[in-house]
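Data block below; observations after.
These numbers come from a predicted model, not from an experiment. All ligand and atom numbering here is 1-based and tracks the order in the structure. For the single chain, residues carry numbers from 1 onward in sequence order.
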Amino acid sequence: MNKRYEEHPATLHSPREWSLVEDAYDEKDNQRKESLFALGNGYIGMRGHFEEGYHGQEGISVRGCYVNGFYDTAPILYPEGAYGFPSEGQAMINVTDAGVIKLTLEGETFHLNRGHVRFYKRVLHMQSGVLHRLVEWESPAGHRVLIHIRRLVSLTHRHLAAIHYEVTALNFAGTVSICSAMDGDIAEAAAPERGGDPRLGARRTEPRLLFEEAGSDGRGGGWLKQRTRHSRFALLTAMSHRLALPPSAAFSLSEKHDGQRLSVQYDVALRRGDTVSLSKFISYHSSRETREEELQMRSAEVLQMAESRGFDGLAEEQHAYLDAFWSRADVEIKGDPALQQGLRFNAFGLLQSAGRDGRTSMAAKGLTGEGYEGHYFWDTEMYVLPFFTFTTPEIGRALLEFRYRTLEQARQRAKVMSQRGALYPWRTIGGEENSAYFPAGTAQAHINADIAYGIRQYVQATGDEAFLVQQGAEILFETSRFWVDLGHYNPARGGAFCIDGVTGPDEYTAIVNNNAYTNLMAREHLRYACETAGLLRERYSSEYVRLERKIGLTEEEILGWQQAADKMYIPYDEELGIYVQDDTFLSKRKWDFAGTPPEKYPLLLHYHPLVIYRHQVLKQADLVLALFLLGEQFSRVEKIRNYRYYEPLTTHDSSLSPCIHSIIAAEIGDLKAAYDYFGRTVRMDLDDVNGNAKDGLHTAAMAGSWMAVVNGFGGMRLDSSGVLGFRPVLPPQWESCRFKVMHRGRLLEVFFDKEQVVYTLREGEVLEIRHDGERLAIRPGEPIRRALSTNREPSGGHLTN
Ligand code: BGC
């Protein structure tokens, strides 16, 4: 194991199985906490900034509100550009902050760095989906209040968020003012400091949202319409309020418009012991998904509905939604509360950030921060998608629909790259390529094969052939065209099909010939495209004819895909008995790990890319990822040999890496390494393992922690015929593990402890699975038990090429 991964980081959050708790406010940690306490529903994202702001210390916070898929564009300036470099970059923008609420007691405004905080607690409840903050505050003049704030971003109404703000006067009678605002003037000051970290993207100096109109209803409701500067998308943010007063208390309401800031102030005369509460309902709608002329009407409808349900009604719905989610997605481990907390936090985070309307996807940092400018990467198909495919398939489908919706842009990109077919962007929001650094961007053509893999896994796991026929096939065919056009039959390799000038998943090795991962995945992709063409021809002939006409598909072309797959070149070194990452990898010098002090990691922040490219050093799992994804094609011995070669060369500077190593380590029986890598993944953000959680959470690692349990310790694999197999191994630290997976409409529960494995069908009809190679039919009401195998026999066949 690489030496950086031997020490454990301190646990930053005390482990609670279903919640995340903060007992004291510490401004040093504020930005990281804003990411951790972010709420979202796949459409709206709100960082965990405080309603009242930060009194003279605004720099300690990145107030962030985001709308998935809502972006502005700006020219990308290249002092030394070249043909085909993307000319425009898209960035998820920080939109109007509608969560502002300021409290004033007899003229003194509440802030955590004023007066005296007598009690403080913030709790994110993952079962109810509500964020609580409880503060007992004494103003400099000695007035004490208890403030209880509840916040939710509705999982059942995607345009809606709500805040319930409750104040009790503990030791005084007097005027309490609650000023609730919407602030559309998002200063660049709110954006994170870049500090030379390329992962944050470009800093923009001009406001990206421009004011168009605003209005109010005189009853505490207001709206603001803005437009993005370059992409010209409209956004309508609206708010409404409900005040609950103690009997016979008097109040007055005043409204204010100040540029892009709309506020409503309630002044309430309280007696000692009285409680007043304000429910605030917030809606966001954009012209990306709502017709512009309907923006106002739609938001009025949403707010009206919210007012009629009230905060408590919405909270109840939220709870019910999450009950259903957890009944499928929960992974329970007994024996390690810190890891248990991490797993739930991660699953909850994935649910909060994944787009689910078919128009949006999952940003690398979700809706929790502006790292990577809110771009979607291969992270979605390779990491996030499996979690949804096997727990919440409707979200899985929506993520894939996004790729179908952006197929045209992928076709255009292939043209620019002088290729046939379609090439998906390495990073995007709207579908166009956004990568300004092509060696670790456009060169990662494996994105095409990753999407194909995601489609296949989704279709096999759900049986959703309708998706395959209506959308998936066209993606598969257009992207197959790209491979056949990109590669060539190389006489210098005995006529094998070679793919030159690409970058594999490992971004510390760039622009190489025959990246083994890419070639292996492209081969799989081409085979699946041929299989799909066969299926359509046989069973969906009219759709097939339609598609043939639409994209000019010919039989000859399909034979060409088959041939390229059959002749695909996979680099292999006989002497070492390993697959070679690419044609030149083994001839490079190995990185001097012993001479690299810990502060020089991640290498990308301390060495020029060329220095890194000249060495055998990996940022993240590359061939090891193929060992997992295409497991049936490798023998156990091959897995061990390859893992042992690449593991010591891997820095895991990418958060996408440790989970994959955990899975393969578990498969080859190295439970210690598997557990260690799992620990790194599962608490990546809770313990800030990579030190940049402040810029947003690492969604691929979050999903990777689910994979590390289900595919790693649970040994789950979907074989080429679509049958689920398991080979559970229990880390000695655990008493037991339980997870559920959806397969073709059935819900299967897998439980294993130190002695046995129990398979129980929770929903649906009989399901055929494999346990350690043995075929089992699991019927409703008839759980099947098997002893936990400790004997890890070689599995799978040998790779031939
Ligand atoms: C990784 C990529 C990943 C991107 C976004 C990079 O550090 O190397 O594989 O897609 O982060 O998460």
Trace of the side-chain hydrogen bond (donor to acceptor under 3.5 Å, both in side chains) decision for H615 with D592: CA-CA 9 Å; H615 290 87; D592 176 16; over 6 Å; no
Should you measure from each heavy atom of [X], which atoms of ligand 1 turn up under 4.0 Å away?
| X | value |
| --- | --- |
| L656 | 3 (C), 9 (O), 12 (O) |
| S654 | 1 (C), 8 (O) |
| A364 | 5 (C), 12 (O) |

Mind checking whether W426 has an N or O less than 3.5 Å away from an N or O of ligand 1?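 For ligand 1, there is no N or O atom that lies under 3.5 Å from one belonging to W426.
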Within the 3.5 Å criterion, strictly below it, is a donor on [X] or [Y] matched to an acceptor on the partner's side chain?
| X | Y | result |
| --- | --- | --- |
| R47 | S61 | no |
| T699 | S353 | no |
| N690 | S655 | no |
| E381 | Q457 | no |

For atom 6 (C) of ligand 1, which of the options F377, W378, Y372 provides the nearest non-hydrogen atom?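 The nearest heavy atom belongs to Y372.
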For atom 7 (O) of ligand 1, which candidate among Q444, K619, K365 holds the nearest heavy atom?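 Nearest option to atom 7 (O) of ligand 1, by heavy atoms: K619.
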Below a 4.0 angstrom heavy-atom separation, can you tell me which part of D653, side chain or backbone, both or neither, approaches ligand 1?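 Neither; nothing of D653 gets under 4.0 Å from ligand 1.
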Where on Y383 is there a heavy atom closer than 4.0 Å to ligand 1, on the side chain, on the backbone, on both, or on neither?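 Y383 to ligand 1: no contact under 4.0 Å from either part.
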Gap separating the OH atom of Y453 from the CG atom of L629, nearest 0.5 angstrom: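 Taking OH in Y453 and CG in L629, the distance rounds to 4.5 Å.
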